[in-house]
Structures are given as structure tokens and as C-alpha cells.
Peer 1: 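Encoded as C-alpha cells, here's the structure I'll be asking about.
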Amino acid sequence: MSHPYDPSSIEAKWQKRWEDAGVYKTDLKKKAKDPYYSMVMFPYPSGDKLHVGHWYNFAPADSFSRFQRMHGKQTFCPMGFDAFGLPAENYAIKTGVHPDASTRKNVETMITQLKRIGCMYDWEKMVNTSTPEYYRWTQWLFLQMHKHGLAYRKEASVNWCPSCQTVLANEQAQDGTCDRCGTTVVQKPLTQWFWNIKKYAEKLLKNLDDLDWPEKTKTMQRNWIGRSEGAEIEFGMQNAEFGITVFTTRPDTLFGATYLVLAPEHPFVEKITTKEQQKAVAAYLDSVKKKTEMQRTDLTKEKTGVPTGAYAINPATLEQIPVWIADYVLPTYGTGAVMGVPGHDERDFDFASTYKELRGSIRCVIAPDRKSADFSEHVYPGAEGTDQEIYEKILGGEQCWTGPGMLVNSDFLDGLTVADAMKKITAWLEDEDAGREKITYRLRDWLVSRQRYWGAPIPIVYDPEGNPHPVLEKHLPWLLPTDVEFKPTGKSPLYNSKEFRERTEKIFGKGWVPEFDTMDTFVCSSLYYLMYLQAPEIRNSEFGIRNEEKKKIPHSAFRIPNLVDPHIEKTWMPVSLYIGGPEHACMHLIYARFVMMALQDFGFVSHDEPFKKLVHQGLVTHKGAKMSKSKGNVVSPDSFIDRHGSDVFRMYLMFMGPFTDGGDWNDMGIKGIDRFVARLFRLFEEKVVQSAKSKKQKALSPALLSKLHLTIKKVGDDIAIFHFNTAISALMSLLNDLEKEESIDVETAQTIAKLLAPLAPHLAEEFWEMSGGKGFIIDQHWPAFDPKLLKSDTMTIVVQVNGKLRASLEVDAEASKEEILALAKAQENVKKYIESGIKKEIYVPGKLVSFVI
RNA sequence: GCCAUGGUGGCGGAAUGGUAUACGCGCGCGACUCAAAAUCGCGUUCCCGUAAGGGAUUGAGGGUUCAAGUCCCUCCCAUGGCACCA
């Protein structure tokens, strides 16, 4: 054991003192002068221990919050548990242990583990999303969405995982496999509840500009929302009353549209297919159904399709064009139908290359890179050169052109640029009542129904006719029944609860049935930042307690409280800093923003964005790979904490590299921090405490004092931008110098303790106490540096000849340019290089001299 | 394929266009010890040289500059994201 002290007893001692004094409790109601709401993404309470990833997220986040607190901010650091979800339910299926029991137990052990980190958590504000006190508000949110027309039911083909027996959100079924178990996802039609997040697409996109978030994350969200501007165009049908509407971002190419393609799922497919084509179409639809999402979206595969036999009319050319179906057209985007412009769209070009009958009609309507506006001929004429070659290639079906250019072969659009042509054709379409400007988003509405047990029941009941009705607020929490089997049957587990059905009939009447689905856990996590702020009197009100007890309260005593006290919300929202993994960039972080916006529109909160600043921690790997049980490379923090203590462990995590980069875990590296801490402890014992007793202390030398102030500056600057690694190395460097001193004065010692306080909170308290500090160090103010002291009285000037380093001089800080140049020329090792004469002299004050010869 | 970020000693990494390799790990030598561990001291980018010193070096190649890890161009590699969104 290398320690001159016992980390576990010191850490336990300070954790107890903090708790006894309640230093991390925040009175949310009290007027906060400078509130700082610091949040980390709350953990899922799994049966496994707290892992390195948790520490890597929570400990540096805590260090940053401590740093803020020492700058006079009133910090609020809550912690909670995202407790609903699949793992607990899967565990129940396997072992028969009720998810509520296992979750409560896991939460308890995790709290004990979390406390060992020594974070500034205010445990009084803890939330657990699986408790009725919490999910009563998740259900309240559903009712609000319903009341304001943002929740609706729709039968839709949904992602179904045959193994988990549940529906998955698009985000959970990426790549066509279940993100939990990896099973191939199939499509299944079900009636589901959706929330209309699309209504907020524009706002979700626009607000991003002003958020202090990583650019990368903002880009991902922009991409996810996927706004595109274009037009809807109506194509009339040959021999039919109705038309087909397509969406395109290139209405300017309308004269080049030589066919239409519908998604196989398009509702018109059956209607328009001719007798002759029925067999072929049916066969194609069948083959599409058999394809997995993976196969269908495989880009390397050749596009397939089949003609319907029907013909549409291009509103611009008035020509008849064939209507096909093909699975490269997505049913869920735009109108599920597109116009085929093989000359100017790569996908259409590919399709027409496969089906030669479509190729014959290829037209070139954009002349590449044509800059001049005086274009008079209808057929692109270029007698020679690349333009002509490209034109011929397009017509010959050898290539397509998607770049800029001039319109040709397009009647009244000829000679216009692409941008001008878009405006003109859109206006023309509107005049002709054949189309209109249109903005489309990729974002899809949020499917919130889950056919699972361990979630918040959707507070909806159905009358005997099957019409949905909201469960009144006074019946919340709409309790999750306990008399259920966990084995997946393909039906929602709640379907078999006798109590649930009886309860519904008792309250609403005979023949009424409850909604058997529960809510996506992302609903729970989209409002927890407000639940932390919920005043205890609201949480413990009649709405927070269980139904049995509620019956004792007279009906007139019910009042509808707000989710959160408006004063508290106004003061503390938005969250000042939110730290969590980048994997949530497009799910949780969009849903939470949507919910906040909706709540603002409903009048419950005053802000529209929940998270002002967002930071993603990096990933900690081991042996170059992501830690996982199956790879057997999981690092358990526990043995390291037992041996070295929390301070050393968290400092080592921060020392590995920049916080946002993560890093590869190495068992050996922690030794360096361990030695650093042990040496610090010895410094305090020997050079601070003992020398104070013998009154032998003397002030720091000017050079050391300058170094101390440089360190204060560097540590502060670095922590402010999450560069904990360089903050620590600056402290190490300072220690290297201080160890050479006989004694350290108390003021210097206390400054060092303060610099250490965010990084090693327990030790810093100990050092503070050792050096005679009063109260807690976390209540001290961050030390200030004196700018005058940052400069030492000598400076090092390097001498370069033709860019090569030849000498280095130590000169007085006051030395003039002339003195320095003379001194530089006099250097032995410089003389021999400048003999041939100096062409140019460059002097960079305080840095270097450069001679050109 | 598209977009973004990055590539620096044996390793993790540090460097407002101005001393590349800080700080730490590891390693080598020495002190203490009967010995080991721990601790302390010295050294440690590579090549030549006892040394003084010289040369090379930030993925590869060009360019701008008195001066480039840093700025510009081309290419290679790695990671992350998107991927038929019409």
C-alpha cells in the first residue's frame, strides 16, 4: 500500500459530514441569485453494478458542477432512475421475480454505489419513473397530449420484434434489427397511439440554432428532422377521375418526368392496376412482403419494379407516361409516389437503366454548367465540347446530371437557371391548380404504444362501441395491475389482468375495457428534468398517493396542481448543463425537446427548450473495444475504488484524455494518479502542517509564486472547457516544483486545496482542514490569479537561423529588442551560421529571434 | 457512396502559426534494503557522436510563410454519423 493515508476512511468521513450538514441540498423555492441546474442522463437501475461508463459520465460532471459552485453559482444536482423498461421485464420472464421488486432492490444498491462517488447529489429530489408518484405524471402528460389533439390512434404497419414480442420505434429498429436482441424485425399492422411530434418539426429545427450543443449533435437532429423544400404535383390519370400526387424537390425537372412510381404500399395500387398487369403486380407485392427491411434498403441491390398498366399525364408536357410500382419508393415519406426523371435523378436513372423500356423516353432538360442566360434554342445545341457530350450521354441513357445548369427542352422554362425555374414552375402549377409549394419532413410521429408490462399504462378506456375515452385526472395514477403473467404471448401482458378489467368496469360501466398497452419509456424520460423540480407538496398531494388512500379524500378536495411550481420552473429551467452519451442524439434528446415545447403551448411551463447546454462524454473502451459481457472486457470500478479511493479513480478517468474523447482503460495508468495524491498528502503533512507548528514557514520565491498563479489560471481555464486532463497535469507540474521547497505557507496550501476541490472533493476537504480552513472547502470561493504575477522577471528567447533552432537565451524581462538582438548575434553557436551576412531579422517579443541569411 | 472528426515517442496524451514530444505510464541506471516492494534521484523521440554538437521527425506528397503538428491542395488510413427521404 503506497498511501500515507487510508482513502476509504477519509472518503467515508467527508461523505458523512456532507450529509449531516446537508451541503448538497438545494432549496428550490428560495430565491436563487445565480442558479445552475446541472444534470446527467439518469441511469437504468440494472442488477449489474455501477460500471466505468457511469463513473466516466457522473464524476467529471460533478467536478464541473463543483467548479461552478465555487464560482458562486447556486447548484442543483439531482439524480434519479429510468426504471421502466425491458430488462426488468425480461428478468421477470426468466426468474418470476416481479419487476417492481427487482427494480426497487436495484435502485437501493445503486444509490449506495452512487454515494461512494461523492457527488453533490440532492437525494431529496430523487425520482424513480416506475413509482406511481412519478408515472401518474407520465399519464398526465398523455392526457394533456390527448386533450390538445396531439395524441391519436392509427392503424399502421409497425416494426415488430418476433423475439421480444413487441413493437419497436423506428429508432430502435435501425438496420432492420431489434436494438435489444438483434433479431430481424418484421412488419405487422396494429392500431397504435401516436404523438404528433411532426407538428413541432419546424420549431425543433429552428431552435437548434440557438442551443449551446455540440455541432455534431445538432447536425444529426437536423438530419433526423430532414426538412426539404419542394413541390407537390398532381398527375391526372388516363381514363380515371382521380389523380396521383407526388412530392419532389426538383419541380424544375417536370418536363423530364417520363414515368411515375408508386410505393408498393400506396393505396391506389389496386385501383389503377389493369387486368393484364394484375398477376405481375400481385407477384411483385408478394415478393416485397417477403423482403426484410434490410434487404429492401440494401443500396447495392438492383432496383426492381413492375408496370401497373396505367398511364398518367404529365401536366407540363401533356404526354402519357407509364405508372409503375417499385420498392425503392418509400411509403412513409412524402406522398409515397414520385415522378421519374431518369435524366436528372440518380435513382430514377438506375431504375430506367434496369428497365430498358423506360430508357427510351429519357429527356435532357438541364444543360450542365451553362452560365450564360442568353439561351435561345429549345434543343441544347452545343456543337462541341463537354457540354454536348454530356447532353448526348444523358439522351443515350449513359448518365444523368444532378448538378446546376440551364433549363432546355422545357418550353417556358428554357434559359432559366435551376433556381429560377423552380420558382416559375411552382407558380405555374399553382395557377393551373396542378400543384403547390410544399415542405416535407423526414421526422415521423412518435409511436408511444408498447405491448409490454413494465411501463406506465396508457390512461385510456374504451366504451362498448370501442371508442377511446381519457381516464379522468382524478383516477390517476392509473395503476399498473400486478396480477399478470410475464410470458410474452404476442398480446399485451395487461390483457390478462382480471383486476384491470374489473377496475375499468367498476369505474366506467359494464362493457368498458382499458387500453392494454403501456407507454414507451422515452415518455418517462422526456419530462424527468421537470419532475426533479416538482415541489414535495405536489408530489405528495392526493394525486401522488395510491387510489385506495385517495378514496378517503372528499371529492371536493381535489384540485389540479401544476406539474411544477411556475416560480421554480421559471427560476431553474432550462437545465444549465446536461451531460450524457451521444447515443441519445436523435431519440431522447428530440422527444424531451418536443415535450417541453408542447408543455409551453399548453401553458404549464415558461420555456420551450429543456437543455441549454449539452455535452457528450466520450466512450471508455478496454483493449480497444467497447466493454461488454460477451467480450469479457468489462472493467469493474469496485476493486479500484477499494484500493485507491473514489478521488483517485475519478481523477484517473479524467486524466486519461479529453473528457469528450473517452479513452482506452489501462490498469497501470492509475498508479500515476495514486502517486500524485500520495505525494500531495505528504506535502501537506510535512511541509504545511509540521512547518506551521514550528513556525518555519516562509513566502514563496517570485518564480514559484508566478508558477502558482499560472497554475490557478490554467486549472480554471481548462476545467471550464472540460479539459480535466490538462488541469490535472498543471497541478502535477506545480507539485513537482513545490516539493523542492522546505516549507509551504498556509495561504499557498489552501489555494492548492481549492484548485483540487472540484477534481478530488474528499481529499480537498481533508487538505482544507489540515491547513486550518474553516467550514467546507466546497463553500469557498475559487482562487483568483494576479495577472501581474503571470510574468516572471526573466524570459527565454530562442534564436533561429533560417528557421533552425541554434541557441536559447535567458534574458531580463525588461530587455530591449536591440539588447536581445545583439546578445543573439554574440552566441557562439549563432555566430558561425550568420557569418555570410544577415538578410532579415525578425524579433517576436518575449519569444524568439529569427535570422534569415 | 455522402457528411463530420481525427492520424504526434514503446503507451495515454500536451502544444494562441513561434523551443514539438508538457504531464503521466512504461523502461534504464543509481540511492535506501540482507533482499524485494514502496519511496527518492538521474536519464529516456529516433540516428551519428565520449561530449560539444549535428541530422531526421507530428499518416504520405505538394504549397503558403522568416517560421507549419497547426493554414491551403491532393491522396491514404481510422473512428463516428447518415445512407434509395425523390
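Here is how names work: the chains are called A, B, and so on, in the same order as the sequence lines, proteins then strands, and each is numbered from 1. These numbers come from a predicted model, not from an experiment.
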Peer 1: Between A:Arg679 and A:Glu686, does at least one N-O distance fall below 4.0 Å, as a salt bridge requires?
Peer 2: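 Judged by the 4.0 Å cut-off on N to carboxylate O distance, A:Arg679 and A:Glu686 do not form a salt bridge.
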Peer 1: Which label fits A:Phe724 and A:Phe722: parallel for a plane angle under 30°, tilted from 30 to 60°, or perpendicular past 60°?
Peer 2: perpendicular
Peer 1: Would you tell me if any nitrogen or oxygen in the side chain of A:Tyr833 comes within less than 4.0 Å of OP1 or OP2 on B:G54?
Peer 2: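 It does, given that an N or O in the side chain of A:Tyr833 lies less than 4.0 Å from OP1 or OP2 of B:G54.
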Peer 1: Measure up the A:Trp665 and A:Phe649 rings against each other and bin them: parallel (under 30°), tilted (30 to 60°), perpendicular (over 60°).
Peer 2: tilted
Peer 1: Considering only B:G18, B:U19, B:G55, which nucleotide approaches the side chain of A:Ser850 most closely?
Peer 2: B:G18
Peer 1: Judged by each residue's nearest nucleotide on RNA chain B, which is more toward the 5′ side, A:Tyr441 or A:Thr796?
Peer 2: A:Thr796
Peer 1: Report the nucleotide, chosen from B:G81, B:G53, B:A86, that has the shortest atom-to-atom distance to any side-chain atom of A:Asn829.
Peer 2: B:G53
Peer 1: Hey, is A:Arg227 close enough to A:Glu202 for a salt bridge, meaning N to O under 4.0 Å?
Peer 2: yes
Peer 1: Among B:C66, B:A86, B:U19, which nucleotide has an atom closest to any side-chain atom of A:Tyr333?
Peer 2: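 Of all the options, the side chain of A:Tyr333 is nearest to B:A86.
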Peer 1: In Watson-Crick or G-U wobble terms, both distances under 3.5 Å, what is the partner of B:C75?
Peer 2: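 In the structure as shown, B:C75 has B:G59 as its Watson-Crick or wobble partner.
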Peer 1: Taking the P atom in each of B:G26 and B:U74, what is the distance between them to the nearest angstrom?
Peer 2: 44 Å
Peer 1: When the C1' atoms of B:U19 and B:A67 are considered, how many whole Å apart are they?
Peer 2: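 Their C1' atoms lie roughly 12 Å apart.
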Peer 1: Answer yes if the side chains of A:Thr245 and A:Glu232 hold a donor-acceptor pair under 3.5 Å, and no otherwise.
Peer 2: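 Not at all, the side chains of A:Thr245 and A:Glu232 share no donor-acceptor pair under 3.5 Å.
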Peer 1: Base, sugar-phosphate or nothing for A:Asp348? Non-hydrogen atoms, less than 4.0 Å.
Peer 2: nothing
Peer 1: One thing to verify: whether A:Asp445 and A:Lys198 come together as a salt bridge, which I'm taking to mean a side-chain N less than 4.0 angstrom from a carboxylate O.
Peer 2: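 Result for this pair is no, no salt bridge flagged.
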Peer 1: If we take the C1' atom in both B:A86 and B:U5, what is their distance in whole Å?
Peer 2: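 The answer is 30 Å between these two C1' atoms.
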Peer 1: Just call it for A:Arg227: base, sugar-phosphate, or nothing, with non-hydrogen atoms closer than 4.0 Å on any strand.
Peer 2: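 The answer is nothing, as A:Arg227 stays clear of every strand by at least 4.0 Å.
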Peer 1: Can you see whether A:Ser850 engages A:Lys840 through a side-chain donor-acceptor pair at a distance of less than 3.5 angstrom?
Peer 2: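 No, no side-chain donor-acceptor contact under 3.5 Å.
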Peer 1: Identify the nucleotide, in any strand shown, that forms a Watson-Crick or G-U wobble pair with B:G17, with both distances under 3.5 Å; if there is none, say none.
Peer 2: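 Partner of B:G17: none found under 3.5 Å.
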Peer 1: So what's B:A51 paired with, Watson-Crick or G-U wobble, going by both distances under 3.5 Å?
Peer 2: none
Peer 1: Counting only side-chain heavy atoms from C-beta out, which of B:A14, B:A20, B:A83 sits nearest to A:Leu805?
Peer 2: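 Among B:A14, B:A20, B:A83, the one nearest the side chain of A:Leu805 is B:A20.
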Peer 1: In the strands shown, is B:A67 matched to any nucleotide by a Watson-Crick or G-U wobble pair with both distances under 3.5 Å, and which?
Peer 2: none
Peer 1: Identify the nucleotide, in any strand shown, that forms a Watson-Crick or G-U wobble pair with B:G30, with both distances under 3.5 Å; if there is none, say none.
Peer 2: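 In the structure as shown, B:G30 has B:C40 as its Watson-Crick or wobble partner.
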Peer 1: Please measure how far the P atom in B:G59 lies from the corresponding atom in B:G55, and state the result in whole Å.
Peer 2: 22 Å
Peer 1: With P as the reference atom in both, quote the distance from B:C32 to B:G17 in angstrom, rounded to an integer.
Peer 2: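 So the two P atoms sit 50 Å from each other.
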Peer 1: Regarding A:Arg250 and A:Asp348, does a basic nitrogen lie under 4.0 Å from an acidic carboxylate oxygen?
Peer 2: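 No salt bridge links A:Arg250 with A:Asp348.
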Peer 1: Is it true that A:Glu215 and A:Lys218 have a side-chain N and a carboxylate O under 4.0 angstrom from each other?
Peer 2: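 Salt bridge between A:Glu215 and A:Lys218, a charged N being under 4.0 Å from a carboxylate O: yes.
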Peer 1: Reckon A:Pro582 touches a base, only the sugar-phosphate, or nothing at all at heavy-atom distances under 4.0 Å?
Peer 2: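 Counting heavy atoms under 4.0 Å across all strands, no contact is made by A:Pro582.
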Peer 1: I'd like the C1' distance from B:U58 over to B:C40, given in whole Å.
Peer 2: 34 Å
Peer 1: Tell which nucleotide pairs with B:G24, taking only Watson-Crick or G-U wobble pairs whose two distances are both under 3.5 angstrom.
Peer 2: B:C11
Peer 1: Determine which nucleotide pairs with B:G80, using a 3.5 Å limit on both distances of a Watson-Crick or G-U wobble pair.
Peer 2: B:C3
Peer 1: Assess whether one donor atom and one acceptor atom, taken from the side chain of A:Lys303 and the base of B:C84, lie less than 3.5 Å apart.
Peer 2: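 Present.
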Peer 1: Looking at A:Lys804, does any N or O in its side chain come under 4.0 Å of the phosphate oxygens OP1/OP2 on B:A56?
Peer 2: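 Yes, within the criterion.
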Peer 1: Just label B:G24 as syn or anti from its O4'-C1'-N9-C4 or O4'-C1'-N1-C2 angle, using within 90° of 0 for syn.
Peer 2: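 Anti conformation here, the glycosidic angle of B:G24 being more than 90° from 0.
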Peer 1: Output one letter per nucleotide in nucleotides 23-33 of chain B: B when a protein non-hydrogen atom lies under 4.0 Å from the base, S when only the sugar-phosphate is that close, - when neither is.
Peer 2: BSSS-------
Peer 1: In a check of side-chain contact (heavy atoms from CB on, under 4.5 Å) between A:Met654 and each of A:Ile673, A:Ile728, A:Asn725, which one passes?
Peer 2: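 Of A:Ile673, A:Ile728, A:Asn725, side-chain contact (heavy atoms from CB on, under 4.5 Å) with A:Met654 is met by A:Ile728 alone.
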Peer 1: Judged by each residue's nearest nucleotide on RNA chain B, which is more toward the 5′ side, A:Ile842 or A:Gln800?
Peer 2: A:Gln800
Peer 1: By the 4.0 Å heavy-atom rule, please label A:Phe351 as base, sugar-phosphate, or nothing.
Peer 2: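 Here A:Phe351 touches no strand at all.
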Peer 1: Side chain of A:Arg682, heavy atoms from C-beta onward: which of B:A86, B:G18, B:C40 has the nearest atom to it?
Peer 2: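 Of the options given, the side chain of A:Arg682 lies nearest B:C40.
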Peer 1: In whole angstrom, what separates A:Glu232's CD from B:A86's P?
Peer 2: 13 Å
Peer 1: Picking from B:A86, B:U16, B:G54, which would you name as closest to the side chain of A:Lys847?
Peer 2: B:U16
Peer 1: Rounding to an integer number of angstrom, what distance separates B:C47 and B:A83 when you compare their P atoms?
Peer 2: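 The answer is 50 Å between these two P atoms.
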Peer 1: Without hydrogens or angle criteria, can the side chains of A:Tyr284 and A:Thr304 be said to hold a donor-acceptor pair below 3.5 Å?
Peer 2: yes
Peer 1: Determine the interatomic distance between P on B:C46 and the same-named atom on B:G9; round to the nearest Å.
Peer 2: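 Between the two P atoms, the distance is 12 Å.
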Peer 1: Side chain of A:Tyr328 only, please: which of B:A20, B:A86, B:G53 is the nearest?
Peer 2: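 Nearest nucleotide to the side chain: B:A86.
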Peer 1: Under 4.0 angstrom, heavy atoms only, what part of the nucleic acid is A:Val844 near: base, sugar-phosphate, or nothing?
Peer 2: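 Result for A:Val844 = base.
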Peer 1: Under 4.0 Å, heavy atoms only, any strand: does A:Ser228 hit a base, just the sugar-phosphate, or nothing?
Peer 2: sugar-phosphate
Peer 1: Between A:Arg806 and B:G54, is there a contact of a side-chain N or O with OP1 or OP2 at under 4.0 Å?
Peer 2: yes
Peer 1: Side-chain N or O of A:Asn725 versus OP1/OP2 of B:G12: is the shortest distance under 4.0 Å?
Peer 2: no
Peer 1: Tell me what A:Val341 touches on the nucleic acid: a base, only sugar-phosphate, or nothing, going by heavy atoms under 4.0 Å.
Peer 2: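 No contact.
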